[in-house]
Amino acid sequence: MVTENKRRSTTKKPKKVNNLRYAEYYDMQETFDGLYAKAAKGETFDSLMDLIFSKDNILLAYRNIKGNGGSVTPGTDGLTIRAIEKCSPETLVQKVRNITKNYSPRAVRRKEIPKQSDPSKTRPLGIPCIWDRLIQQCILQVLEPICEAKFSENSYGFRPNRDCEQAIAASYRHMQQSHLHYVVEFDIKGFFDNVDHSKLIKQMWALGIRDKRLIYIVKRILKAPIQLENGTTAAPVKGTPQGGIISPLLANIVLNELDWWVESQWADNPVAVARGRNRQLGGNTVFDKSHGYRAMRTTRLKEMHIVRYADDFRIFCQNKDSAERTLIAVTKWLKERLRLDVSPEKTQVVNLNKHYSEFLGIKMRLTKKKNKLVVQSRVSEKAVKRIKTEAKQKIKNIARPPKGMTEARAILNYNAFVMGEHNYYQMATGVSLDFRDIGYELTRTMKRLGDRLKKEPKDNIGGAVVDRYSCSKLMRYIKNLPVAPISYVRTKAPMCKKRSIQKYTPEGRAEIHENLGFDTKMLRALLRQEVHEQSAAYADNRLSLFCAQYGKCAVTGQVFESLGDIHCHHKLPKNRGGRDNYQNLIIVRESVHILIHATSESTIAKCLSELSLNKRQLAKLNKLRKEAGNPPVSA
DNA sequence: TCAGGAGCTAC
RNA sequence: GUUGUAGCUCCUGA
């Protein structure tokens with residue numbers, strides 16, 4: 001425990017990267033594709049456990065969570081990812097299977113954190129222990145392809161290859177192209193904390209997830225005790241922990257039926273009519289009980305569309321009457337079907353011809369432009385306020401860098417902030433107005449930088465900030481560092497989701513992911529090779545390295561012909577403090593490996609003549625020899 | 001091409 | 001120390 005804490009203070013938080021490649025490393029992509037295809041055909045799954053806790057799936061789960069920022073944040077048992085990766089792959093797998101044999105997850109650590117939208121309010125976090133997070137990741141990997149096949153096109157939150165931009169684009173489309181001028185704004189009260197466990201299980205069943213042992217494990221995860229900040233422990237009766245790896249997926253499972261139900265409720269919906277009586281929509285058979293909701297069924301409502309982002313959703317309607325009925329019907333449906341309450345103050349109908357409606361940080365309405373109604377959107381007031389205060393703070397950091405921060409770092413941080421905000425809010429048609437206002441608000445704070453701000457850099461410089469902003473008259477420099485002008489943004493129309501993009505079909509992947517550029521046979525062999533006496537981290541990094549090096553020796557550049565020729569070398573030897581992290585490992589041919597460690601003249605001579613290295617290769621070799629504590633050799 | 005690290009957003 | 005999913009941007013190494 002002590003060593004864990006010590007490590008934590010010295011370890012920087014890793015950051016998650018795109019993980020499409022990882023499934024390929026662990027030879028799981030085809031399996032996931034298969035699940036997706038089966039689910040799309042309407043097949044059900046009553047035996048998923050063997051797959052979930054298969055060796056490859058578990059090791060892939062480790063790979064996927066090791067990059068999480070929170071992997072070095074301990075749960076209630078004080079353990080971090082280090083506790084997992086120091087095991088050998090075999091014991092890691094064995095441990096997961098043992099834990100889940102009679103699964104009883106450890107207590108989830110409750111932590112209240114301020115909401116970034118409104119820092120005066122807090123959001124309850126539930127941080128599971130690292131082994132439990134690993135187990136949840138195993139489950140997620142298998143459930144996601146099944147669920148993706150069933151989920152609605154109108155749901156954008158927490159889903160692969162979908163984002164806010166697409167949700168906003170869909171909203172614009174409904175307003176402008178489909179002429180839906182009324183929107184119902186919904187706000188579910190504390191959604192994550194109020195998810196009904198038995199309803200959730202029923203929804204899983206309806207989606208075809210029918211493995212009883214798996215359902216039991218999910219139940220156990222939901223019922224995991226919560227260790228409150230004051231140290232006492234509580235047993236949850238509802239809700240799914242915000243911080244649990246499967247929680248976002250569970251949220252979509254619960255609300256998936258809402259998407260299909262709403263779309264099926266309007267008269268003459270071509271999709272609903274074509275599929276027949278609201279059943280079998282999207283391969284779901286969960287609508288049989290929807291007959292009881294007369295409020296909607298008898299009104300023959302006109303065209304309407306839902307746009308959902310996690311628990312935040314809007315329904316676009318043709319007219320006021322339709323919108324008001326929808327509000328009532330959906331509220332009732334949520335209560336009766338999912339046992340969820342909406343917040344009456346925040347749930348309302350908005351006439352988009354007269355008022356702005358806020359969604360995902362953007363407020364939007366319709367205005368007349370040359371006899372046509374077009375979308376006019378702005379940065380939401382809350383966001384403007386937040387940007388102002390954060391930008392002020394960051395400028396102050398440049399003026400007077402706090403200790404532990406240099407001026408250069410403060411500028412970089414400010415630029416990243418400005419570019420980040422611009423990147424997101426550029427989908428509002430009126431962004432430039434809002435950022436002009438923000439810039440105006442900041443002039444006083446900018447004065448603190450005084451004459452340090454120049455119109456030209458000291459020398460000629462490049463980089464992304466210059467590329468993007470140097471055409472602005474407001475561009476300034478401090479020495480050689482550009483300071484991004486916050487007022488300078490141009491709007492960029494949000495893009496709709498391309499239907500063809502899909503993570504779980506080879507065709508759908510083609511647009512977002514390139515296949516490995518070399519023969520993967522050797523990679524497979526490497527994956528199957530058991531590494532005795534080595535850690536999971538080592539085994540995992542070895543695969544990355546092999547791919548990063550295109551299956552070639554780092555010194556000679558030769559393609560590996562046999563498994564035995566592949567040697568993974570510690571640059572700084574373990575007995576001198578070298579670790580199993582990526583940076584400390586490199587893949588070389590067997591003879592090169594021998595040569596790195598060789599001390600006897602005859603061995604060196606033999607290997608050298610065998611390899612006949614050129615100058616550059618020799619230099620690489622000697623660098624590795626030096627790191628290993630050996631003197632250089634010459635040909 | 002790979003990996004890691006910094007920033008941003010939504011919920 | 002603040003978890004999680006998803007998306008975006010940039011930088012640095014090999």
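Proteins get letters first, then strands, A, B, ... in listed order; numbering begins at 1 in each.
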Proximal nucleotide (of rC10(C), rA6(C), dG7(B)) relative to the Ala464(A) side chain: rC10(C)
Cys164(A) side chain, from C-beta outward: closest of dA10(B), dG7(B), rU2(C): dA10(B)
Residue pair Ser377(A) / Tyr172(A), side-chain donor-acceptor N/O under 3.5 Å: yes
Using Watson-Crick geometry (N1-N3 plus N6-O4 or O6-N4) or G-U wobble (N1-O2, O6-N3), each under 3.5 Å, rU12(C) is paired with dA3(B)
Roughly, in whole Å, what's the span from CZ in Arg109(A) to P in rU3(C)? 9 Å
rC10(C) OP1/OP2 closer than 4.0 Å to side-chain N/O of Asn415(A): no
Among rG1(C), rG4(C), rU3(C), which nucleotide sits nearest the side chain of Leu125(A)? rU3(C)
Rounded to whole angstrom units, what separation is found between the NZ atom of Lys620(A) and the P atom of rA14(C)? 11 Å
Counting side-chain heavy atoms from CB outward, which of dG7(B), dC8(B), rG7(C) is closest to Glu390(A)? dC8(B)
Qualifying residue for side-chain hydrogen bond (donor to acceptor under 3.5 Å, both in side chains) with Tyr504(A), from Glu144(A), Arg509(A), Gln29(A), Glu148(A): Glu144(A)
Do the rings of Phe186(A) and Phe313(A) sit parallel, tilted or perpendicular, given the 30° and 60° boundaries? parallel
Figure out the CD/P separation between Gln393(A) and dG7(B), and round it to whole Å. 15 Å
Please report, rounded to the nearest Å, how far the P atom of dT9(B) is from the CD atom of Gln166(A). 19 Å
Donor/acceptor link under 3.5 angstrom from Tyr582(A) side chain onto base of dA3(B): no
Among rU9(C), rU5(C), rU2(C), which nucleotide has an atom closest to any side-chain atom of Asn423(A)? rU9(C)
note: Arg409(A), atom CZ; rC11(C), atom P; distance rounded to Å ~ 16 Å
Would you say dA3(B) has OP1 or OP2 under 4.0 Å from some side-chain N or O of Arg63(A)? yes
Interatomic distance, Leu249(A) CG vs rG4(C) P [rounded to whole Å]: 16 Å
Indicate whether any N or O donor in one side chain lies under 3.5 Å from an N or O acceptor in the other, for Ser247(A) and Gln242(A). no
Quick one: label Gly420(A) by what it contacts on the DNA or RNA (base, sugar-phosphate, nothing), any heavy atom closer than 4.0 Å. sugar-phosphate
Nearest of dA10(B), dA3(B), rU5(C) to any side-chain atom of Tyr22(A)? dA3(B)
Identify which nucleotide among rU3(C), dC11(B), rG4(C) has an atom closest to any side-chain atom of Asp311(A), counting heavy atoms from C-beta outward. dC11(B)
Counting any heavy atom closer than 4.0 Å, what does Asn252(A) reach on the DNA or RNA strands: base, sugar-phosphate only, or nothing? nothing
Go nucleotide by nucleotide along DNA chain B from the 5' end; which of Phe359(A) and Tyr25(A) gets its closest nucleotide reached first? Tyr25(A)
Output the rounded distance in Å from CD (Glu421(A)) to C1' (rU9(C)). 12 Å
So, OP1 or OP2 of rG1(C): does either fall under 4.0 Å of a side-chain N or O from Thr73(A)? no
Specify the residue among Gly157(A) and Gln242(A) whose closest nucleotide of RNA chain C lies further upstream toward the 5′ end. Gln242(A)
May I ask which nucleotide in the shown strands pairs with dT9(B), Watson-Crick or G-U wobble, both distances under 3.5 Å? rA6(C)
Would you indicate what Tyr424(A) reaches in the nucleic acid, counting non-hydrogen atoms under 4.0 angstrom: base, sugar-phosphate, or nothing? sugar-phosphate
Strictly by modelled atom types, are Gln393(A) and Asn397(A) linked by a side-chain donor-acceptor pair under 3.5 Å? yes
Consider the side chain of Tyr425(A), meaning its heavy atoms from C-beta on, and name the nucleotide among rG4(C), dA10(B), dA3(B) that approaches it most closely. dA10(B)
Base, sugar-phosphate, or nothing: which does Tyr309(A) touch, judged by heavy atoms less than 4.0 Å apart? base
When we call it a touch if two heavy atoms are under 4.0 Å apart, what does Pro114(A) touch: a base, just sugar-phosphate, or nothing? base
Considering every strand and a 4.0 Å limit on heavy-atom distances, what is the contact class for Ser247(A): base, sugar-phosphate, or nothing? nothing
Is a donor from one side chain sitting under 3.5 angstrom from an acceptor on the other, for Tyr22(A) and Asp540(A)? no
Nearest-Å distance, NZ (Lys382(A)) to P (dC11(B))? 8 Å
Between Lys238(A) and Asn194(A): side-chain donor-acceptor atoms closer than 3.5 Å: yes
Counting only side-chain N and O atoms of Arg386(A), is one of them less than 4.0 Å from OP1 or OP2 of dT9(B)? yes
